[in-house]
Structure formats: C-alpha cells, structure tokens
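Some notes on the structure that comes next.
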2 protein chains.
Amino acid sequence: MNQPIQGAPPPSVIAIKSSCANCSMHQLCLPMGLDNADLDRLDKIIGRRRRLARDERLYQMGEPFRNLYAIRFGHFKTFQVNPSGGLQITGFQMAGELLGMDAISGDRHHCDAVALEDSEVCEIPFSRLEDLFGEVPTLLRHFHRLMSQEITREQNVMLSLGNMRAEQRFAVFLINLSARYAARGYSPDSFQLRMSREDIGNYLGLTIESISRLLSRFKNQGWLKIDKREVTLLDPAILKAMAAGTAQCSPMA
Amino acid sequence: MNQPIQGAPPPSVIAIKSSCANCSMHQLCLPMGLDNADLDRLDKIIGRRRRLARDERLYQMGEPFRNLYAIRFGHFKTFQVNPSGGLQITGFQMAGELLGMDAISGDRHHCDAVALEDSEVCEIPFSRLEDLFGEVPTLLRHFHRLMSQEITREQNVMLSLGNMRAEQRFAVFLINLSARYAARGYSPDSFQLRMSREDIGNYLGLTIESISRLLSRFKNQGWLKIDKREVTLLDPAILKAMAAGTAQCSPMA
DNA sequence: CGCGCACTTGAGTTCGTTCAATCGGGGTGG
DNA sequence: CCACCCCGATTGAACGAACTCAAGTGCGCG
C-alpha cells in the first residue's frame, strides 16, 4: 500500500537550500502577506523540495494524506477515477498553486496529481502547518482563502460543464489560462498549452476531436493562432465575450 | 447594495433559546467532536437563528460576506449566475451542512442560496469564528475537513457532469441523496425530493424533459416508485451499480 | 368550475460523438 | 541520410443521445 506504484520511478528527492522569501511565487502562494519573521517560521516546516519529471505522479488516490504541495514551477493535472475506469480531469495547476486540499477530509487523497512537464513542488507537512496556524493568524487566513478559491474555481467548472456549449467552454478555458498567466507576469495573449488536446477535452467534457475542431474554427475566424501547443490570442476581446456568453461563433466559417 | 433585494420580504429574525448541544445535527455540523466547554464557546458566538420560507433567499451573489450558515432544518439550493443570465445550480444542501464557504476568498458571496422549503439556519459570524479557531484547535480541524469535503463533493459533480451519460448522472444523484438521508437517520430508500424536476435537471446538466423521462424509465424498470416528489428506491443495488458505472439501462423497456 | 403550474409524453432536430482515414513531426534503426 | 514507425492531431461522414418544440395530463387552489 505504501511502496512506489506500478513502475513509476521513485520521485527524485533533492535537498535544495531555498526559501519562500526567495521564491518568485511567494506573492501568490501560501506565504502571501506574511512578514519576514513569519515567513521564516513557515520556511522551517517546509519538508523538502521535490522534482518531478513529465508524467511523474505526485500522489495517487487512496494514498494517506500527509502533505500539501505548493508548486514552485511547472504544471500539473489532477484527475479523479471512476469505479468503472472513467477518468475526469478536475483541474490544471500552475506555479504558486496548492495541491492536495481535497485530501484533508478523509485523510486520503481523493485524486491523482501528475506533472505535465518537469516541475518542482514544496512539500508542506500538513500537521506542522496546522501547528503553525495557531501562531500565525495571517497564514491561517490566507489558507482559508486558498481553500475557498478552490471551491469557487470548481463551481465555475461546474457552470461550464453543466451550462455551456462546447465553444463557450473552450473560450472560458482559454481566457482562464490567459488570466492566470497574466497574474504571474507572463503574456496573457501568448502561451504554451502544457496539456494534450485529449486532456483539454476530458477536462471540458468533450472529445479530442471536438477540441481539434474548435481550435480550427477559432483559427479560421482569425481569433487565435495555434502552432502545436503554442497559442496566440489574436482577438482576446471576442474570446472574452464568448466566455461571458455575450457572443457566439457561427457554426462554421 | 445592502438593502433587501427585489421584493423578497426581509427574512424573519427570531431569537430562539437553543444551543448546539441541543441540536440534533451537532454530530454532523461544525461542532462535531467538541467537548461541552468548547461547545459552549461556539454557542456564544452564534449570532442568531434565522427562519426562511420556501423560495426565500439567504444570500445573493455579490453581497458582502460576514457569516457562514449552518442548516438546522430544511433544504437549500445554491446556484451561480452567468454574465449572460445562464444559471447553474451548484448544490443542494440539507440539515447539518454549511453554507457560504465559497465566499471566504473575495469577501463576497459567489453564489445565491435559496430555501427549498421552510428552513432554519444558524448564523455564524466568520470573524468571530476565526477568533475561536486560535483557541479551539478541534474546531479548526473540523472546519478544514468541512471545506475539504466541499471540494471533493464538487469534484464528484464535475466527474458526473463531464463523464457520465444522463442515466448514470441521475443514478448518482439519487444514491447521493439516499446516503445523506441515511447519515441523518432517515430512510435511505424512501424520501421526498425537495427540489423541482427543473432544479434537478439544471444541477445535472440536463433538461427537465430528460429528468422526467429518466424517472419514467426507472419506474418502468421497477427500480423505483415515484409519486409527485416522493421517491421510493425499490432496487437500490442496481441504482448503485448504475451510479458506479457497472450497470446500464436499456434505452427503453 | 376553471385557471395555473409542474410535470409527462411525443416527434423532429441538433450538437457533439463515434468511427475511420489521413496528416505530420520526431525519433529510431538500417 | 533516408525509410519507417509511432503518436498526437486533424478532418470527414454518419450516428445517436439529449435537446427543442409542442401538445397533453393532472393536481392544487381560488
């Protein structure tokens, strides 16, 4: 139950001398808003940094829950598996975001997390984090905000899956990525998709073929350029309008 | 911005001498696992009980966030509204469950909560609850579990919306209600649907007609009885199998 | 009794899927 | 260096599950 799983190489463990204060993500991540003293206390409990190769698994459903993980760099996907084998990607996570919050209830992970590219995470022992909550109210506050953010994020996905047509879901997806890259200081209009078409389709409740057709349609409309996984949004305004539901695409053009 | 909204009567405010200790839900609700002394401290911060009539709104998207609400009795639905007017029900809540956790980030409510029947909630001022967290670690722990539970609940909905056919979604829905009533000491096989077919359809990403047809189909298969909103599960096993994806319904029978 | 509302049922349509063929780039081995 | 293969992606054609539109039912309430 506890040993490495089905042939996946044990994740490399590297002791890197690095701190939250040095981390470029500390304004988005768990330590947001902490003063130097508190930053230090948080640093002290961070277990270790873990490097993961593309497709390597950070944790798996059913594993006992001990740590949260803050992404230092790289991208992840999280997914749930059906009793009958069906798989649903529940999110794509990027640097500064927290993994594992769904495992707090139940003491076991409720989904799998897999690296979409070579990535690094900070391991945060949850019991030690809990100890710290009593001493650093600012930290607790921000932690609650992060959990709550995750709840609203998922509500938005539900809205998309339950209520929107394919093209609108896809526009929402692109605009969401764009905004998150913008928040990290990257271009909002030009970025790499770190996930396959298949992953996108699964996440949005569509097939890979549908994603491919949507990309072609948006490209033919002149709304974006797409070269392999490199996207350039040529008309972010109309994509935003589609995401908001105030514009729609002609069936074909 | 702060006054009562579009004709909804101001919610009745009643000062009832009641406590968590007396509440039949205290084993499921926020006070779970607290000893009497801590129960008392929690009691002291509970603002007031609020009664809501059917269709009355507890809070609305955009309203400033001050309180969480614990449901004493009754049922609620929460829903999000699209910029373009589209509406997605994100959950149905029953006694012992907590409302408002999505509002912690952002300080404003991100969805609306409406009573499905005459109901009563406990108002929990969040800032006072935060104060208490420092003093009652057990309370904080359980609060984290509740938030985490909400995250996993929503992941399950995403799985259902993104991955399952109509009949499976509906089976999941029924089995989920059944389990929650069972946890509250009610019959798992016979209960009232507190929400309309339309609400169910919206929640499951289906139309009201589809829900109606599914009910008829399940009835014709002899798997349940349905009389208005009174459901009796006649073959919970096969419904569970359908929910798990290990059985499926013939198109018509 | 008659109106309104929630629900049911039927018939035709549509959006996205399924199935299948093809493309194209990157890696491997002859 | 080229031939070959593999895999992810694209494109086309036909299908089907769920939707839309429309008519009908039944119950509650004034």
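Chain identifiers are assigned alphabetically (A, B, ...) following the order of the sequence lines, protein sequences preceding nucleic acid strands; residue numbering begins at 1 within each chain.
Remark: C1' of C/dT22 and CD of A/Glu209 are 13 Å apart, rounded to the nearest angstrom. In this structure, the CG atom of A/Asp55 is 13 Å from the C1' atom of D/dG8, given to the nearest Å. Atom CD1 in A/Ile226 sits roughly 11 Å away from atom C1' in D/dA9 (whole-Å rounding). Distance CG (A/Asp227) to C1' (C/dG25): 11 Å, rounded to an integer number of Å. Whole-Å rounding puts the B/Leu215 CG to C/dT8 P distance at 6 Å. C/dC15 atom P lies 19 Å from atom CZ of A/Phe170, rounded to whole Å. The distance from atom CZ of A/Arg169 to atom P of C/dC15 is 14 Å, rounded to the nearest whole Å. Straight-line distance from the CZ atom of B/Arg213 to the C1' atom of D/dG24: 13 Å, rounded to whole Å.
Residues B/Tyr69 and B/Glu120 have side chains not in contact (no heavy-atom distance under 4.5 Å, counting atoms from C-beta outward).
Regarding contacts with the backbone of C/dC7, every side-chain N or O of B/Ser212 stays at 4.0 angstrom or more from both OP1 and OP2. Between A/Ser216 and the phosphate of D/dT11, there is a side-chain N or O to OP1/OP2 separation shorter than 4.0 Å. In this model, the phosphate group of C/dT17 is not approached by any side-chain N or O of B/Arg165 to a distance below 4.0 Å at OP1 or OP2.
Between B/Phe218 and B/Phe170, the ring planes are tilted. Angles from 30° to 60° get that label.
The residue among B/Ser210 and A/Arg229 whose nearest nucleotide of DNA chain D lies closer to the 5′ end is A/Arg229.
The stretch residues 193-206 of chain A comes close to DNA chain C through A/Gly205, A/Leu206, each having a heavy atom under 4.0 Å from the strand.
For a distance-only test at 3.5 Å, the side chain of B/Arg217 fails to qualify as a donor-acceptor partner of the base of C/dT8.
Not counting sequence neighbours, the partners of A/His75 by the ring-ring contact (aromatic ring centres under 6.0 Å, His included) test are A/Tyr181.
In this structure, B/Arg194 contributes its side chain and B/Gln192 its backbone to a donor-acceptor pair below 3.5 Å. With hydrogens and angles disregarded, no donor-acceptor distance shorter than 3.5 Å links the side chain of A/Asp118 to the backbone of A/Gly74. Side-chain atoms of B/Thr152 never come within 3.5 Å of backbone atoms of A/Asp102 as a donor-acceptor pair (strictly under, hydrogens ignored). Counting only distance, with no hydrogens or angles, the side chain of B/Asn220 and the backbone of B/Ser216 share a donor-acceptor pair below 3.5 Å.
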